[in-house]
Amino acid sequence: MGNVCTLSAVELCQALRKGEVSSRALTRAYLERIDALEPKLQAFLTLTPDLALQQADLADQVLFEWRKDTARLLPPLTGLPIVIKDLLCQRGVRTTCGSRILENFIPPYSATAVQRLLDAGVVTLGKTNTDEFAMGSSTENSAYQITRNPWNLTRVPGGSSGGSAAAVASAMAPLALGTDTGGSVRQPAAFCGVTGLKPTYGRVPRYGLIAYGSSLDSVGVLARSAADAAMLFQHMAGYDPLDASAMDVPVPRYSLQDKRDMRGLRIGVPEQYFITGIQHEVEQAVRNAITAMQGLGAEVVEISLPHTKYALPVYYLIAPAEASANLARYDGVRFGLRVDDPNMTALTRKSRGAGFGPEVKRRIMLGTYALSAGYYDAYYGQAQKVRTLIKQDFEKAFEQVDVIAAPVTPSTAFKIGEHNEDPLAMYLEDVFTLPANLAGVPGLAFPVGFDGEGLPIGMQLMGRHFDEQTLLQAAHTYQLFTDWHTRRPEF
Ligand code: GLN
């Protein structure tokens with residue numbers, strides 16, 4: 001076999017079954033690639049090569065036994081390497097959330113999504129970089145390092161799942177887990193030219209996902225194609241009694257058809273997502289992709305999501321408010337970093353002061369303010385009401401159309417340091433991704449072109465609650481006809 005790292009995850013699973021490659025050889029190939037590229041990219045916070053090789057050897061044994069008797073049950077992803085955003089707990093593996101406050105935290109349990117994948121047979125290579133507690137759009141808020149965009153090392157990979165996106169784009173892993181509270185799977189997917197799925201809120205259990213904004217958080221997938229994303233997502237989705245918001249909705253088989261047309265699909269194009277200020281090449285590439293889908297038989301309908309402009313202020317009240325409550329648990333007493341002081345209050349103050357970075361502190365202050373007596377109704381309460389209007393926009397639109405097409409980001413990957421001095425400019429990067437989280441609907445980002453500087457451009461499709469299938473199938477059909485998703489950055 002040539003360079004195994006260039007195969008798709010679907011192909012790798014087949015090659016493993018057929019015995020064309022062993023999981024050990026595959027795992028070693030990825031670990032070698034990581035050794036070579038990681039000094040430039042800085043995508044990982046923790047690497048677990050020993051654990052990965054142990055898992056790989058076990059997988060090879062399971063595959064060997066299975067080949068002798070294929071009537072046996074074989075865990076579906078046996079031997080396939082993946083990487084995990086460092087916001088998801090993996091038992092026995094350091095999980096930092098990109099924060100100093102959890103620098104030495106080794107969780108005694110695995111997140112449900114991680115455990116399900118381990119049960120399905122995956123090999124875990126390591127934990128990927130993230131903005132601290134997933135607050136950010138560039139990984140620049142990580143307390144440890146800034147991940148670089150593999151397409152251009154002076155650019156950010158996006159965030160907060162920037163490590164995962166960079167790892168998949170540079171083929172340091174075929175698949176990665178990410179999380180998306182306001183765009184953190186889709187935006188880095190767009191910036192790095194990979195496919196990123198943010199499932200419906202409640203589709204993948206949040207148990208073991210360290211909480212940021214609990215009414216918005218979701219666990220998603222970064223992959224090289226819709227077909228690869230579907231394969232991983234299949235084994236993460238579904239009800240979990242450990243998460244009260246995990247919905248008991250049947251999980252279909254996400255078997256994507258090699259369907260060569262899009263007849264019967266109604267695509268809504270919301271005017272509010274094609275506004276002035278958006279980079280011309282981004283708009284053009286997204287419009288071209290919509291035209292291509294129309295050429296494949298899809299019906300294109302102009303729609304309106306009138307409350308879109310409120311998504312940004314609503315999100316930046318609700319997410320920090322929930323974060324301020326969720327992050328109260330890091331008190332220097334129960335776990336995480338502790339700066340000792342005989343006085344309890346001082347101990348907590350000093351521990352939090354030393355453990356949290358500036359953006360996290362800003363969000364805690366914003367959120368605490370929005371929740372405080374006298375302001376609660378004016379800010380948090382009001383934001384919740386407007387959130388309902390945003391959700392209703394989507395419900396109305398989905399009476400008319402099956403999916404909604406939009407850009408993922410107003411521009412391609414920005415420069416490292418470009419938004420350092422201006423948090424608001426950074427928040428504005430999220431305008432097109434926040435609404436799906438506020439409405440709880442699924443969103444899929446995938447590459448549809450490149451700008452003049454060779455940076456990838458992403459497009460997103462949003463769908464009805466629990467209808468990830470339609471999004472994945474539409475992107476898969478598009479990917480059968482296009483090669484944006486197969487292009488790789490050169491080193
Ligand atoms: N960029 C957004 C934020 O900073 C979204 C992050 C996310 O989805 N985790 O909150």
Side-chain angles (χ1 to χ4, degrees), residues 84-88 97-99 128-143 147 156-165 176-191 196-201 204 206 209-222 311-324 326-327 356-367 370 383 387 408-411 413-414 418-420 422-445 458 460 462:
I84 300 171
K85 182 180 184 180
D86 207 21
L87 206 72
L88 288 151
C97 294
S99 181
T128 58
N129 195 23
T130 166
D131 287 294
E132 187 172 4
F133 286 102
M135 297 175 191
S137 311
S138 66
T139 81
E140 290 166 296
N141 296 336
S142 164
T147 300
V156 302
S160 58
S161 312
S164 285
L177 290 188
T179 70
D180 192 314
T181 303
S184 279
V185 163
R186 290 160 289 155
Q187 186 255 21
F191 277 11
L197 173 66
K198 175 211 114 56
T200 309
Y201 180 78
V204 177
R206 289 181 301 119
L209 158 60
I210 295 178
Y212 164 17
S214 303
S215 75
L216 302 154
D217 293 340
S218 60
V219 185
V221 177
L222 293 112
L312 196 88
V314 165
Y315 173 87
Y316 278 99
L317 281 167
I318 292 178
E322 293 181 0
S324 78
N326 276 326
L327 270 51
F356 289 136
E359 182 62 24
V360 172
K361 286 178 183 161
R362 180 180 297 122
R363 305 271 180 119
I364 291 174
M365 284 188 281
L366 279 171
R387 179 179 188 172
V408 185
T409 54
S411 69
F414 49 90
E418 192 171 328
H419 296 324
N420 267 1
D422 186 357
L424 191 60
M426 187 74 91
Y427 299 169
L428 281 166
E429 293 290 336
D430 303 332
V431 291
F432 298 145
T433 50
L434 304 173
N437 298 81
L438 291 167
V441 299
L444 180 71
Q460 81 175 312
M462 293 173 275

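These numbers come from the heavy atoms of this one structure, side chains and all, not from hydrogens, waters or symmetry mates. Both ligands and their constituent atoms are indexed starting at 1 by order of listing.
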Do any nitrogen or oxygen atoms of ligand 1 lie under 3.5 Å from a protein nitrogen or oxygen, and which ones?
| unit_1 | atom_1 | unit_2 | atom_2 | d |
| --- | --- | --- | --- | --- |
| ligand 1 | 1 (N) | Gly136 | O | 3.0 |
| ligand 1 | 1 (N) | Ser137 | OG | 2.9 |
| ligand 1 | 1 (N) | Asp430 | OD1 | 3.4 |
| ligand 1 | 1 (N) | Asp430 | OD2 | 2.8 |
| ligand 1 | 4 (O) | Gly136 | N | 2.8 |
| ligand 1 | 4 (O) | Tyr316 | OH | 3.4 |
| ligand 1 | 4 (O) | Arg363 | NH1 | 3.4 |
| ligand 1 | 4 (O) | Arg363 | NH2 | 2.8 |
| ligand 1 | 8 (O) | Thr181 | N | 2.8 |
| ligand 1 | 8 (O) | Gly182 | N | 2.6 |
| ligand 1 | 8 (O) | Gly183 | N | 3.2 |
| ligand 1 | 8 (O) | Ser184 | N | 3.0 |
| ligand 1 | 8 (O) | Ser184 | OG | 2.7 |
| ligand 1 | 9 (N) | Ala134 | O | 2.9 |
| ligand 1 | 9 (N) | Ser184 | OG | 2.7 |
| ligand 1 | 10 (O) | Tyr212 | OH | 2.6 |
| ligand 1 | 10 (O) | Tyr315 | OH | 2.7 |
| ligand 1 | 10 (O) | Arg363 | NH1 | 2.9 |

Worksheet entry | Donor-acceptor contact present, side-chain Ser160 to main-chain Asp131, <3.5 Å | no
Worksheet item: Do Val156 and Thr139 have side-chain heavy atoms sitting under 4.5 Å apart?
Response: no
Discussion item. Quick check against the 3.5 Å criterion: does Asp217 have a side-chain atom that pairs as donor or acceptor with the backbone of Thr181?
Written reply: no
Discussion item. Under a 3.5 Å distance rule, please check whether Lys198 uses its side chain to pair with a backbone N or O of Val441 as donor and acceptor.
Written reply: yes
Worksheet item: Does the side chain of Ser411 reach to within under 4.5 Å of the side chain of Glu429, using non-hydrogen atoms?
Response: yes
Practice prompt. Say whether, by atom type as modelled, one donor and one acceptor occur between the side chain of Gln187 and the main chain of Thr433 under 3.5 angstrom.
Written response: no
